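Every value quoted in this text rests on a predicted model; they were computed, and no experiment measured them. Numbered from 1 within each chain, the chains take letters A, B, ... in sequence-line order.
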Number of protein chains: 2
Amino acid sequence: MGATIRDVAKRAGVSVSTASAALNNKPFVTPETRARVLQAALELNYHADRTARSLAVGRTHQIALLIPASLEHTFSASDFFNQLVRGIYKACGQEDYSLVLYAAERETDIVPQMERWVRSRSVDGFLITHPTWGMLYVDVLEESHVPYVFIGRPPETVTTFAGYVDNDNVQVAYDATEHLVELGHQHILFINGPSRYTYAHDRTVGYRKALDAHGLPFQAELLVEAELTFVDGYRIVDRLCGSVTFTAIVVLNPMQALGVVHALAKHGCKVPTDVAVVTTECEMAAYMYPPLTAVDIRPYQLGYEAARMLLRCLAGETVAPHIVPHTFVVRDSTSPVR
Amino acid sequence: MGATIRDVAKRAGVSVSTASAALNNKPFVTPETRARVLQAALELNYHADRTARSLAVGRTHQIALLIPASLEHTFSASDFFNQLVRGIYKACGQEDYSLVLYAAERETDIVPQMERWVRSRSVDGFLITHPTWGMLYVDVLEESHVPYVFIGRPPETVTTFAGYVDNDNVQVAYDATEHLVELGHQHILFINGPSRYTYAHDRTVGYRKALDAHGLPFQAELLVEAELTFVDGYRIVDRLCGSVTFTAIVVLNPMQALGVVHALAKHGCKVPTDVAVVTTECEMAAYMYPPLTAVDIRPYQLGYEAARMLLRCLAGETVAPHIVPHTFVVRDSTSPVR
DNA sequence: AATTTTTATCGAACCGTTTCGATAAAGTTG
DNA sequence: CAACTTTATCGAAACGGTTCGATAAAAATT
């Protein structure tokens, strides 16, 4: 069925090793020979068997995208993940790498699975999304010298990674909060992501820093933690409406934001006249009613940079953490406090 | 670094072939020998090199998930894709297959890419989401005898596939429409997906069939086509409000539905009192305000069944198209016409 | 007891590449 | 022109598994 390099060599009238050299643009091949080999390859519709090449060179040219938490929530987290994967895919395509999806339903399953993946040498490196505080599997990676790059700052307990890509999440939360403070809001509800993610920690810092900077008191009941789902955003607001007072909400996840907006509607709160809302950028933010003020954390860029970083590692370069700058888009969901 | 099967064989005091037989649960290996080999493998932390095994057996144990259209929209299409991938991933995991992501930004890029993927034998089979009407790459697949399964009914021009998985989309649209008709609605706006997808065709059929069955006239201006985005759902309703009359909307995509709901809010139309809405099921449908009546097309199941079908193909079994049944969830967004 | 069958193990070949040392031809130098 | 260097090509040995035919030991049959 498929032609092998032997067939190509025979047809071109050269040895297998010369054919290989010609096909891989190695030096010391005469232009005529190279042309003959390429011609033969074309005629036979030859494509090198990826598996055989991998075995020979010891590289699979595949990287894994690891989603430690169950696929469910991470994927659901609005189009963040979608954009992220697009960026990763783009970078991989540029260097002819392919992307394999690795996930584990439960956190405890990861270590043995990781062991298998790594020892069986099925991928050259790992891209790890949303590192959480209890990552036991990094030991496995470290021990086997497989490069890995985090998407999201890893916790301080992990120091052995090749690099990571993230936003400056302190600043992200700071900017969002400050924007509202400057509009005169004094009671700002901050709906954070789950504390198992490092960015939730950083954003808390940013939120408090912004309040401090403007001499506003921190109210513990205005800082809540929620899963990155429509449901959780909805429930928080549904529960808090009436019981605590706030005139603005920072909710840095589109799905949560959607839930928030719907819960506000249910309670008859108008955005932005009753409550101002700022969220993270996504396709629909501009088209919601009202259009939402958002901070764009550039997920495509995050993915792209992370993949490029990993590929640079694989090429033997050393890398340093990379911070993707965020931008702020003011729309109609934030207005001065009444 | 990594232990090879030779190391295991040596430590267990057997030949390489015996070690292989023992590790792969082949017959004619004494329990003691097997135990010794397994013990040695454990001690050396041996895991078979995936590449080497692939080369030897001629199978990569990887399947590709192909997203022919640009990643952008398909991924964005609400959590359908998320659920789909979870189902696929589950089925793959059960048989130790891994999943590699294949996409092409532009449709025209696919054929040459497909040629490379297929001839280089990097995956054992393909899962193809959302087949559209102009799929040139199936010829490549067919020619090389690589099995492929569609998610979504392929167009009639394609007859050579191993199998496909889909809903009964005629019935999906029929049920949604009939539900509204039975509530007394006579002017039902049907927001369809892009006509390049076969399901859009099927749903049109179902919509018209339901109208016919209840003696209602078909109004061309009430059947519109839109991309599967928040924006498109929003724009359609924003444009049509006022110019044409309708008291109900069937919009079988959550993102579009979200846009629809927001456009209705903008125009001061209350759901369901002014306009009834039915959509496809997703996490947030139940929590929207009001909670949306939805048809559950079971994306997880679609993915799971599709992957299982492909794996059965790879095992040499013959397969037949599989229809995943949908269910109907009545909530608050549909009420009798005023 | 001699013959056949079954069972367990082994060595060698193979999968399709790349890589490396050897070699011959061509080019350069003294 | 002899001696060395460079250039182009080749054959064989990896890479790390699986598979298959051969073989010896054990069990069953005559």
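No donor-acceptor pair under 3.5 Å is formed between the side chain of B:Arg116 and the backbone N or O of A:His47. Using modelled atom types, one side-chain atom of A:Gln62 and one backbone atom of A:Ser122 make a donor-acceptor pair closer than 3.5 Å. Between the side chain of B:Ser20 and the backbone N or O of B:Val16, no donor-acceptor pair lies under 3.5 Å. Looking only at distances, no side-chain donor or acceptor of A:Thr129 sits under 3.5 Å from a matching main-chain atom of A:Ile151.
Residue B:Asp49 contributes atom CG, which lies 10 Å from atom P of D:dT18 at whole-angstrom precision. Taking atom CG on A:Asn25 and atom C1' on C:dT18, their separation rounds to 15 Å, with Å as the unit. Remark: C1' of C:dG16 and NE2 of A:His47 are 16 Å apart, rounded to the nearest angstrom. The CZ atom of A:Arg6 sits 11 Å away from the P atom of C:dT18 (whole-angstrom rounding). In this structure, B:Asp7 places its CG atom 14 Å from C1' of D:dC15, rounding to the nearest Å. Rounded to whole angstrom, the span from the CZ atom of B:Arg50 across to the P atom of D:dG17 amounts to 14 Å. Atom CG in B:Asn24 sits about 17 Å away from atom P in D:dG16, given to the nearest Å.
Between B:Glu142 and B:Tyr148 there is a side-chain heavy-atom pair separated by less than 4.5 Å.
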* For every nucleotide of nucleotides 7-13 of chain D, 5' to 3': is a protein heavy atom under 4.0 Å from its base (B), only from its sugar-phosphate (S), or from neither (-)? -> SSBBB--
* To do: Going 5' to 3' through nucleotides 21-28 of chain D, assign each nucleotide B (protein heavy atom under 4.0 Å from a base atom), S (under 4.0 Å only from sugar-phosphate atoms) or - (no protein heavy atom that close).
  => --------
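Residues meeting the ring pair (Phe, Tyr, Trp, His ring centres under 6.0 Å) test with A:His61, sequence neighbours left out: A:Tyr97. Contacts of A:Arg121 classified as salt bridge (charged side-chain N to carboxylate O under 4.0 Å, His left out), with partners at least two apart in sequence or in another chain: B:Asp49. For A:Tyr199, the ring pair (Phe, Tyr, Trp, His ring centres under 6.0 Å) partners two or more places apart in sequence, or in a different chain, are A:Tyr197. Applying the ring pair (Phe, Tyr, Trp, His ring centres under 6.0 Å) rule to A:Phe126 yields no partners; only residues at least two apart in sequence or on another chain are considered. Residues passing the side-chain contact (heavy atoms from CB on, under 4.5 Å) test with B:Glu305, sequence neighbours excluded: B:Val165, B:Gln301, B:His322, B:Val324. With sequence neighbours left out, the side-chain hydrogen bond (donor to acceptor under 3.5 Å, both in side chains) criterion links B:Asn167 to no other residue.
In terms of phosphate contacts, B:Ser20 brings no side-chain nitrogen or oxygen within less than 4.0 Å of OP1 or OP2 of D:dG17. The phosphate of C:dT19 (OP1 or OP2) has a side-chain N or O of A:Lys26 nearer than 4.0 angstrom. A close approach under 4.0 Å does occur between a side-chain nitrogen or oxygen of B:Tyr46 and OP1 or OP2 of D:dG17.
Contact check of residues 53-60 of chain B against DNA chain C (heavy atom, cut-off under 4.0 Å) returns B:Leu55, B:Ala56.
The CZ atom of B:Arg153 lies 4.5 Å from the OG1 atom of B:Thr198; values are rounded to the nearest 0.5 Å.
Within the helix from C:dA1-D:dT30 to C:dG30-D:dC1, the inter-axis angle between the opening and closing five-pair segments is 50°, rounded to 10°.
Screening residues 12-38 of chain A for salt bridge (Lys or Arg N to Asp or Glu O under 4.0 Å) gives no qualifying pairs among residues at least two apart or on separate chains.
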Just list the side-chain donor-acceptor pairs under 3.5 Å for residues 5-13 of chain A, sequence neighbours left out, or say none.
from    : atom 1 : to      : atom 2 : distance (Å)
A:Asp7  : OD2    : A:Thr4  : N      : 2.9
A:Arg11 : NH1    : A:Glu43 : OE1    : 2.1

